[in-house]
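Below: one structure, written as structure tokens.
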Amino acid sequence: NLQNVPKTEMRKLFVAEEGKKIARVDFIQIELCVFAVIAQEPEMLRAFAEGKNIHTETCIALGWNPADPSPFNLGKTRYDDAKTINFLMLYGGSAWKISQEFHIPIDEATICIKRYMTKYVGIQRYFDETIDKVGTERKVVNYFGRTRRIDALYAEDWRVKKQGEREAINTPIQGTAAEIVKLAMIDLHERHHAPLILQVHDELLLEVDAKTAKNYGLWLKEYIPTITMIDGMKFEVEVGIGDTW
């Protein structure tokens with residue numbers, strides 16, 4: 001099960017053939033970029049367009065210094081806390097969820113949510129509109145038109161309903177991000193006969209000739225964002241070249 005190979009020393013066990021190099025392509029914060037586009041959140045869109053770090057922006061919005069040590073997680077910083085909150089919001093984050101994640105009082109978590117929503121006003125709008133729409137249509141649709149039925153909102157158990165709300169919020173984001181990666185793979189395979197050997201979530205692995213690997217990596221970094229653009233948002237990638245995964 002290659003999808004579950006951890007990002008540890010274990011990846012050194014996967015070695016390129018003689019005369020080859022492994023090129024690893026990672027999409028940078030693809031789900032948060034998609035989140036900004038689908039929610040049409042102006043502050044997030046501006047931050048990405050200007051090349052700013054979205055986690056730093058969130059940290060400042062929450063009234064934290066990114067470099068300060070985290071009071072919640074030993075060895076972590078406030079920047080790491082803001083990053084956690086950003087990813088929680090992809091799943092309809094709430095004050096209760098933040099309270100559980102950081103083991104803090106609900107009042108403190110509520111302040112975090114209020115500051116977050118004040119900074120990113122489009123997020124609450126997206127949450128509300130999505131839940132209202134799925135309540136009548138019983139489905140959500142990603143950017144490319146792919147649909148998913150959400151029947152959990154009609155369950156009797158309130159916990160199942162809440163899970164349905166989280167699925168409704170996250171599915172268009174996660175579904176769109178996954179499809180962007182697949183479209184990039186199709187283009188690379190069909191048009192450029194790229195030597196793809198593996199895809200893990202938002203990461204692609206290729207095995208390329210060692211002599212041209214560096215230039216090939218530079219081409220991938222420049223080319224891939226041009227084929228995966230939606231609503232003017234480019235999805236940037238990081239490329240690494242090495243003898244092992």
Side-chain angles (χ1 to χ4, degrees), residues 1-4 25-42 44-45 48 54 58 83-98 100-101 113 116-117 120-190 196 198-204 224-225 227-237:
N1 182 1
L2 295 174
Q3 291 224 339
N4 285 344
V25 178
D26 268 329
F27 282 83
I28 302 171
Q29 297 180 349
I30 184 171
E31 287 192 350
L32 286 172
C33 290
V34 170
F35 193 22
V37 172
I38 288 183
Q40 283 298 292
E41 207 308 299
M44 279 189 175
L45 290 171
F48 283 122
I54 192 68
T58 296
K83 183 177 180 178
T84 297
I85 289 175
N86 274 332
F87 284 108
L88 284 177
M89 301 310 286
L90 291 172
Y91 295 87
S94 62
W96 181 84
K97 189 67 177 176
I98 290 174
Q100 294 293 304
E101 181 72 24
I113 282 289
Y116 190 95
M117 294 304 185
Y120 304 122
V121 294
I123 300 305
Q124 188 64 59
R125 182 181 66 246
Y126 168 69
F127 287 175
D128 295 341
E129 289 177 354
T130 299
I131 299 305
D132 287 346
K133 193 171 183 179
V134 79
T136 56
E137 298 183 1
R138 297 182 79 141
K139 67 179 182 180
V140 289
V141 185
N142 79 359
Y143 182 87
F144 299 100
R146 203 173 299 277
T147 64
R148 176 184 180 182
R149 280 173 59 108
I150 304 287
D151 291 331
L153 290 182
Y154 296 85
E156 294 182 3
D157 190 323
W158 68 270
R159 288 165 296 191
V160 177
K161 288 183 179 180
K162 285 296 182 183
Q163 177 61 29
E165 289 182 0
R166 290 191 290 271
E167 289 175 358
I169 288 167
N170 180 254
T171 294
I173 300 162
Q174 202 167 40
T176 299
E179 206 148 344
I180 287 168
V181 176
K182 296 300 190 298
L183 289 171
M185 292 169 65
I186 291 168
D187 185 282
L188 289 171
H189 175 73
E190 296 288 346
L196 284 160
L198 181 65
Q199 176 249 335
V200 180
H201 305 302
D202 55 359
E203 176 183 343
L204 304 178
I224 290 178
I227 58 174
T228 56
M229 195 182 324
I230 62 173
D231 279 5
M233 171 72 79
K234 283 188 176 182
F235 299 94
E236 304 291 341
V237 296

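Throughout, numbering of the chain's residues begins at 1 and tracks the sequence.
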With rounding to the nearest 0.5 Å, note down the distance linking CD in Gln29 to CD in Glu31. 11.0 Å
Return the NE2 to CG distance between His189 and Leu196, rounded to the nearest 0.5 Å. 8.5 Å
Heavy atoms only: give me the nearest Lys97-Leu88 pair and the separation to one decimal. CG-CD2, 3.9 Å
May I ask you to decide if Met44's main-chain N or O and Glu41's side chain share a donor-acceptor pair within less than 3.5 Å? yes
How long is the span from the CG atom in Asp231 to the CG atom in Leu45, to the nearest 0.5 Å? 8.5 Å
Rounded distance (nearest 0.5 Å) linking atom CD1 of Ile30 with atom CE of Met233: 10.5 Å
Can you check whether Thr171 reaches Asn142 side chain to side chain, under 4.5 Å on heavy atoms? no
Test log, rule side-chain contact (heavy atoms from CB on, under 4.5 Å), inputs Phe127 and Met89: CA-CA 10 Å; Phe127 287 175; Met89 301 310 286; 3.9 Å; yes
Between Glu179 and Lys182, does any side-chain N to carboxylate O distance fall below 4.0 Å? no
Can you list the steps and then say if Phe144 with Thr176 is a side-chain contact (heavy atoms from CB on, under 4.5 Å)? CA-CA 7 Å; Phe144 299 100; Thr176 299; 3.9 Å; yes
Does the side chain of Phe48 come within less than 4.5 Å of Leu32's, by heavy atoms? yes
Separation between CD of Gln40 and CD1 of Ile38, rounded to the nearest 0.5 Å: 9.5 Å
Interatomic distance, Ser94 atom OG to Glu165 atom CD [nearest 0.5 angstrom]: 10.0 Å
Side chain of Gln199, backbone of His201: donor and acceptor closer than 3.5 Å? yes
Contact summary for Val134 and Tyr154, nearest pair of heavy atoms: O-OH, 4.0 Å
Decide yes or no for Tyr143 and Ile180: does some side-chain heavy atom of the first lie under 4.5 Å from some side-chain heavy atom of the second? no
Glu129/Arg125 under side-chain contact (heavy atoms from CB on, under 4.5 Å): CA gap, chis, key distance, verdict: CA-CA 6 Å; Glu129 289 177 354; Arg125 182 181 66 246; 3.3 Å; yes
Is it the case that atom CZ in Arg146 sees more than 12 heavy atoms from other parts of the structure closer than 6.0 Å? no
What one should report as the nearest heavy-atom pair of Ile169 and Leu90 is CG2-O, 3.9 Å
Heavy-atom donor-acceptor pair, Asp157 side chain to Arg159 backbone, under 3.5 Å: yes
For the pair Tyr126 and Phe35, name the ring-plane relationship: parallel under 30°, tilted 30 to 60°, perpendicular over 60°. perpendicular
How close do Ala184 and Phe27 get, counting heavy atoms only, and between which atoms? CB-CZ, 4.1 Å
Shortest non-hydrogen pair, Val160 vs Ala155, comes out as CG1-CB, 3.4 Å
For side-chain contact (heavy atoms from CB on, under 4.5 Å), just list the numbers for Ile224 and Leu188, CA-CA rounded to whole Å, side-chain angles, deciding distance to a tenth of an Å, and then say yes or no. CA-CA 9 Å; Ile224 290 178; Leu188 289 171; 4.1 Å; yes
Report yes if some heavy atom in the side chain of Phe235 is under 4.5 Å from a heavy atom in the side chain of Asp202; otherwise report no. no
For Leu153 against Lys161, the heavy-atom pair lying closest together: CD2-O, 3.4 Å
As a test of understanding, state which of Thr147, Asn170, Ile173, Ile150 forms a side chain to side chain contact (heavy atoms under 4.5 Å, CB included) with Val140. Ile150
